[in-house]
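First comes the structure, then the notes that go with it.
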Protein chains: 2
Amino acid sequence: MEERKKGLTIYDLAEELKLSPSTVSRALNDHHSIGKKTKKAVKKLAKERGYRPNAIASSLRTNRSNTIGILVSWINRPFISSLISGIEKEARAKGYQAIISQSHDSTELEIDNLQALYDSRISALIVSLAMGTTDYSHFDLFKDSDIPVVFVDRIPDMLNINKVQINNFNAAFEATEHLIEQGCKRVAHFGGASHQSIYKDRMLGYVAALKKNNLEVDEAIILNANSLSEEEGTRLTEYVLNMDNPPDGIFCANDKAAVSAIQYAKKRGIKIPEELAIIGFNNDPICEIIDPPLSSVHHPAQEMGKAAVQKALSMIEQNGTSETNNRVILDTHLVIRASSKRK
Amino acid sequence: MEERKKGLTIYDLAEELKLSPSTVSRALNDHHSIGKKTKKAVKKLAKERGYRPNAIASSLRTNRSNTIGILVSWINRPFISSLISGIEKEARAKGYQAIISQSHDSTELEIDNLQALYDSRISALIVSLAMGTTDYSHFDLFKDSDIPVVFVDRIPDMLNINKVQINNFNAAFEATEHLIEQGCKRVAHFGGASHQSIYKDRMLGYVAALKKNNLEVDEAIILNANSLSEEEGTRLTEYVLNMDNPPDGIFCANDKAAVSAIQYAKKRGIKIPEELAIIGFNNDPICEIIDPPLSSVHHPAQEMGKAAVQKALSMIEQNGTSETNNRVILDTHLVIRASSKRK
DNA sequence: CAAGAACACGCAATCGATTGCGTGTAATTT
DNA sequence: AAATTACACGCAATCGATTGCGTGTTCTTG
């Protein structure tokens with residue numbers, strides 16, 4: 001068995017079986033117009049010879065690449081890598097390949113990568129935007145070509161696009177209210193770039209929770225960082241703790257910065273959660289490692305990837321059909337740990 | 001500008017310019033036999049019309065897909081996601097796409113994914129094996145087709161294959177000796193599946209360090225886990241701490257299990273590093289989060305990805321040429337933190 | 001000034017699988 | 001038994017870019 005595989009085509013099989021390539025192709029694809037015995041014979045030989053279809057040739061002819069493009073900022077971040085894991089799993093289960101690309105949070109690179117993905121004639125695209133992207137015209141290429149684009153996580157603030165998201169407002173509201181329930185009277189917020197709707201919504205949810213509970217909304221302790229990195233977390237924490245009227249709670253829009261907030265506060269001898277309660281966002285693995293363990297909002301990364309693929313594939317199928325429901329919203333829930341639990 | 005992009009081909013451009021498709025193709029590719037003015041005119045129109053080459057058609061004709069396949073166990077692990085990040089970056093810089101697939105540590109799924117990647121006619125393959133894979137015949141498909149395969153991280157224990165690796169023996173030796181230098185007299189080892197050479201080498205390096213320092217090699221505290229998970233880390237730590245003669249140091253073959261060792265030992269009231277010094281492997285981000293911070297072996301994940309791509313591309317270029325140096329070994333170094341620092 | 005070189009471009013085949021249409025044979029119907 | 005219908009398969013075009021070979025034009029040189 002398995003004689004040669006290099007360049008083995010349906011023509012070779014056809015010749016050996018004294019059949020035409022069309023018949024071989026149809027037999028392999030279980031076309032109804034091919035006889036049962038013929039199908040069996042073709043498949044048998046194909047297996048013996050180790051025949052493998054050339055997906056490239058098939059793609060060219062059928063104009064379907066069965067490929068899903070993924071564009072994210074960085075692959076090696078806990079949330080993103082889980083998202084991609086979910087995408088890959090679902091895509092492969094449906095017979096699609098997953099092509100990845102990283103923008104490194106640069107809009108310029110984002111554009112370059114989009115070109116390359118388009119050149120590959122991907123069947124659909126799943127995107128989490130670069131942090132600085134505010135103009136979305138580089139996605140027109142896909143719109144014009146009827147290639148479905150599904151936005152996840154960091155999504156444009158527009159209507160009429162497909163998006164899979166969580167309810168950031170509610171999640172932030174719950175997280176903030178949780179801090180308030182634990183007795184916090186003055187809660188600070190560390191957010192991301194406010195032009196990104198996920199960060200804006202988290203901020204708005206935070207504000208709404210304060211208002212509902214009749215707490216003052218003080219802009220002085222609503223701080224946005226372009227990248228919520230460790231350094232930023234430390235810097236912002238230092239900043240608020242040096243205030244005359246420091247906060248007694250922090251709602252941070254990601255876990256990375258929240259962890260460095262804990263580390264810095266501990267270094268200052270501040271007791272967590274008694275003097276400063278902290279809650280993060282994403283529920284990264286580090287939440288359970290840090291001491292005290294960090295409360296957070298569980299973000300269903302893998303499920304989000306799966307939902308994005310399903311959305312993309314359904315778009316491909318009903319290509320062009322007026323799609324009413326272009327939003328998928330997934331549930332989050334609070335994971336309360338010691339960093340915020342006073343009672 | 002940018003009128004229609006859907007299905008715009010070189011034929012369309014050719015017609016508009018009263019040229020032949022061949023000339024358009026050559027002009028776009030800067031072929032020497034095309035006049036300067038013609039090239040300029042073609043490129044100008046291509047840009048105006050938003051022409052984008054169809055990579056699929058090109059691949060079929062040239063028999064080069066410019067695609068690198070990646071096969072790993074799980075994408076959402078710190079080491080792996082950094083590895084992939086490095087692969088993607090280097091691949092894209094060289095004009096290649098990166099297709100990912102996950103084996104979920106199942107040999108069966110590994111085989112399925114390999115088929116799919118082969119069907120896509122990837123130009124090269126970069127693999128980190130599933131934990132349980134011991135037979136490698138499913139890679140013959142690629143060998144027979146002259147598709148370069150580069151193994152990284154978890155690699156087969158064979159000669160005549162391309163591999164990019166670190167010196168696991170040395171790294172483990174240094175890590176173990178470090179513990180001994182810190183005063184440990186009885187060092188345990190938590191390792192992975194011993195048929196995987198990286199784990200075997202780490203174990204051998206550990207043993208060599210003990211012998212060199214005239215310490216007893218006690219098989220009772222050399223423990224292998226199929227997956228070095230949090231649970232396993234806890235279980236193994238509990239096991240050794242309950243011994244009549246518990247260890248005063250642990251060299252763990254990954255960070256995840258080392259972290260849970262710390263957590264469990266702390267829960268038992270054991271002082272780290274005074275009573276139990278611990279060092280891990282990989283230098284994952286969690287090392288700096290855990291308290292006390294975990295010493296570890298820095299594993300150059302991104303660089304490993306980059307090196308793997310370079311190796312793969314060089315194989316593609318000198319296709320078939322006898323390749324003498326089929327191993328690339330990258331440097332590691334110890335990152336000493338509080339979990340092992342007694343002096 | 002003639003001949004060879006350099007230049008500029010087109011023709012048509014090719015990569016491998018798919019598919020609309022057509023043809024011949026066997027099975028079924030009235 | 002003649003006429004439909006179903007069945008089984010082949011021909012040739014097609015997807016879009018690439019490329020070996022050939023042709024006509026312009027330039028250089030002895």
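Chain letters run A, B, ... following the sequence lines, proteins first and then strands; every chain starts at 1.
Both the sub-6.0 Å distance and the 45° axial angle are satisfied by B/R121 relative to the ring of B/Y118.
Between A/K36 and B/N54, the residue whose closest nucleotide on DNA chain D is further toward the 5' end is A/K36. Summary of the strand contacts: B/T38 and A/T9 both lie near DNA chain C, and taking for each the nucleotide with the nearest heavy atom, the more 5' one is attributed to B/T38.
With respect to the salt-bridge test (charged N to carboxylate O, under 4.0 angstrom), the residues A/D105 and A/R77 qualify.
A side-chain donor-acceptor contact under 3.5 Å links B/S145 to the backbone of B/L141. Side-chain atoms of B/S58 do not come within 3.5 Å of backbone N or O of B/N54 as any donor-acceptor pair. A donor-acceptor pair is defined here as one N or O able to donate and one able to accept, closer than 3.5 Å; such a pair exists between the side chain of B/H195 and the backbone of B/M131. Checked by atom type and distance alone, the side chain of A/D135 pairs as donor or acceptor with a backbone atom of A/S137 at under 3.5 Å.
For the segment residues 19-31 of chain B, the set of residues with a heavy atom within less than 4.0 Å of an atom of DNA chain C comprises B/L19, B/S20, B/S22, B/T23, B/R26, in numerical order.
A/I100 places none of its side-chain heavy atoms less than 4.5 Å from the side chain of A/L71. B/L60 places none of its side-chain heavy atoms less than 4.5 Å from the side chain of B/I56. At a threshold of 4.5 Å between non-hydrogen side-chain atoms, the residues B/I155 and B/S197 count as touching.
Across all strands, B/K18 comes closer than 4.0 Å only to sugar-phosphate atoms, never to a base (heavy-atom distances). Among the heavy atoms of the strands lying under 4.0 Å from A/S33 is at least one base atom, whether or not backbone atoms are also near.
Counting 5' to 3', DNA chain D first comes under 4.0 angstrom of a heavy atom of chain B and last does so at the ends given by D/dG16 to D/dC21.
Axis orientation changes by 40° from one end of the helix from C/dC1-D/dG30 to C/dT30-D/dA1 to the other, with each end axis drawn from 5 pairs and the value rounded to 10°.
Nearest approach of A/I70 to A/A98, heavy atoms of both residues: CD1-CB, 4.0 Å.
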